[in-house]
Amino acid sequence: MSTYLDQLNPAQKSAVLATEGPVMVIAGAGSGKTRVLTYRIAYLMERGVDSFNILSLTFTNKAAREMKERIARLVGDSEARNLWMGTFHSVFARILRAEGHHLGYPSNFTIYDTEDARKVITNLIKEMNLDKEIYKPKTVQNRISAFKNNLITPKIYDRREELIAQDSAAKMPLMGSLYTAYLDRCFRSGAMDFDDLLLKTNELLAKFPAVLAKYQDRFKYIMVDEYQDTNHSQYIIVKALASRFENVCVVGDDAQSIYSFRGANIQNILNFNRDYPEANIYKLEQNYRSSQHIVKAANSIIAHNQDQLQKKVWTSNEEGELITVFKAISDYEESNYVSEQIFEWSQRNQWHYGNFSILYRTNAQSRSFEDALRRRNIPYRIYGGLSFYQRKEVKDVLAYFRLALNNNDEEAFRRVVNLPKRGIGDTTLDRLNVLAQENRVSLFEVAENAILSSQAGIQAATCKRLADFCAAIRSYAVEIEKRDAFSAADYVVRGSGLLREMEEDKTPEGASRVQNVEELLNAIQDFADGQLQIEDGDPSLSNFVQDIALITDADNSGEDDGKKVALMTVHLAKGLEFPCVFVVGMEESLFPSMMAMNTRTELEEERRLFYVALTRAEKKAFLTYAHSRFRWGKTIDCEPSRFIDEIDEQHLDLQIPDFNPFSDETFLPYSGSGFGKGSSARFQKKLNKSEPPKTVDKPTIPPVKGMRPLSSSDAIPSYERGQGLKEVVKGMRVQHARFGTGTVTFVEGEGPNAKATIQFDHGEEKKLLMKFAKLKTV
DNA sequence: ATTTTACAAATTTTT
DNA sequence: TTTGTAAAAT
């Protein structure tokens, strides 16, 4: 029998063995819930359940991938392959591609990301002649999102007087029509936004009993991770799919619910018990991750919340280090302190930099830490923020692909119709739009039909330009059909003149845009290569474009980011763990955020967020805050976060210098601090009249001998790195980031457009375009 | 139609 | 600080 079951504690084991019927697992932080989920699935398969019948919903695609790998190690690769595993959004996007035709969607519908959706709304507000100061696109978008996540269709909205009253009170009586218009516009564009992926799934399952039955039969066993962060829409999907076999297992921790702003509903955990009164409930309370001090400190924080399920998280781990609380003079000094501590701890404990993470409340805080780490030559990687696929130039390129694949994609059309400039401006676009709305067709269709267009007062010359543009898009569609993903993408990027325009821009920004586009083409090639290695993979450009909106930064685990300090928001850190964690910016109105201090519920969510942050740490945690911080273009004074006071003091090591400006020895409890800029620097100068301020570009800590020298590229995201070799000759030995080393056997063409055939040492032969291959000599 | 210039506003977290 | 938008000039 399975030996892996012996690695579980009694509570974990019961949760794994209870395969039949509804199960809820309340899993405290670090209590091994991933292990339970993995073993549970492995155990099911060992008992003869077909992997095809198991659906496992995770919070990130990365979590899904990792879990799949772990299961594959237990039961074998081929067995694990057919598991349905992924985020709600990606799993149901896949189902909607197969079944969406029931609802009138094409299988290649576009997924609008938040930016696309916001632009649609902005345009609608403009079209309807509404005041955008009152109808703020962002507010409207959030409101619509809330409707969708609660399954409130326009029809239901019209019947819900309290909702209408709310919108009237907010001076937005036309919210209902705006909502209807938005749905209509997305539908006609053949597009779904993130919320639609769930809403339409619900619609599909509710309206088509045969489809529901099909997936109920398929998903005999359903598992949901991070259940506390599911919203109503997701809850209903799970309920519908599980209602036949009721083999549903949800895993969650109410203390880690941090996504209510996205519609997540802790009530789902309580509802579970109500829906399935006979459900087995297991509590995992032993923490295997963190030291005594960290676990107890975290417990003392969460105790301040009123709304919570009873549970007592404990650990048998060693007592560990106290949590260091550090007060810095400025945000500049804070980041300097953090980078210094990272350096010292890595030296003292021989920890590589991958053991450290810096967690902050807002993405904007990352900047100063980047600077500080760079000054010390410490490699780091930033997660989140503006992801690669959200960059303007990347989205522009993708919009060409999108439009070629789905002519109705209105956002893509608007984005590229005049990019590069081809004399089709706002006036023309407005006229096209009038026609499109009158005839209820897409902008593309109107633009393509020059005769129709000329009626609307569009000049003949402009009509010609429109026709040319549409013809070009059509031809791209043909090329995409004919070619492999990379060469099709390359064709479009060149043919459209996008790349040429970027190359003509000689500013550093222009150069970096070109590099990003090249990186995108690289990614497309990698994708196609990867798909070819999978049995039933689809290497087409269409497949690449389809789910790109669902890829998040957390999903991209670069091969080499294992030894880098991780910088991310606390939200993004959920589910991760690090030996040493810095929670920075522990100040009132930053953490807790100013926006979330108004009600008790909001504040409690911030507190849970802090709980999540602290419980990421295994061995050592630092909490830092600054006395003054550069924000909104000026320096402001800060108060330490109330959360620090809420921690049981016996777990803390307070490093809070006396700030009396007239005592001169106490304010820097550590060596090697750089001095700030701006007002804080002036402040410090006053303090030490005798001592001239040190300069920042000379870190006082000398590099230690014997340490791996850090190349500068370590700290730079890969897509900002320089290009590789420009030219190769036959017989040359080269190295490729992905394929390893090999020998050049043939070169055709010249310069950057040369194509090299390379015999790689692992046996494969590849043709690579010099321009993008980024080869190195060996 | 497009480019330049000036000025104002805004800053939470994400699939 | 950066970002976007509006008005004015080409």
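Lettering of chains follows the sequences in order, A, B, ..., and the numbering in each one begins at 1.
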Under 4.0 Å: is that the gap between some side-chain N or O of A/Lys132 and OP1 or OP2 of B/dA9?
no
Looking at A/Phe388, does the NZ or CZ of A/Arg391 lie under 6.0 angstrom from its six-membered ring centre and within 45 degrees of the ring axis?
no
Presence of A/Thr427 side-chain N/O under 4.0 Å of B/dA1 phosphate oxygens OP1/OP2:
yes
Are the charged groups of A/Glu99 and A/Lys200 less than 4.0 angstrom apart, N to O?
no
Would you say A/Asn363 reaches B/dT13's phosphate, i.e. side-chain N/O to OP1/OP2 under 4.0 Å?
yes
Counting just side-chain N and O atoms, does A/Ser593 come under 4.0 Å of either OP1 or OP2 of B/dT13?
no
Assign each of A/Gly425 and A/Phe194 to its nearest nucleotide of DNA chain B by heavy atoms, then name whichever residue's nucleotide is nearer the 5' end.
A/Gly425
B/dT3, OP1 or OP2 - any side-chain N/O from A/Lys421 closer than 4.0 Å?
yes
Is A/Tyr259 stacked against the base of B/dT14, taking the criterion as centroid distance under 5.5 angstrom and interplanar angle under 30°?
no
When the nearest nucleotide of DNA chain B is assigned to A/Ile424 and to A/Phe59 on a heavy-atom basis, which residue is associated with the more 5' position?
A/Ile424
Select one nucleotide: of C/dT2, B/dT14, B/dT3, the one nearest the side-chain heavy atoms of A/Arg367.
C/dT2
Contact under 4.0 Å: A/Asn418 side-chain N or O vs B/dT2 OP1/OP2
yes
Quick one: is A/Thr362 getting a side-chain N or O under 4.0 Å of the B/dT11 phosphate, OP1 or OP2?
no
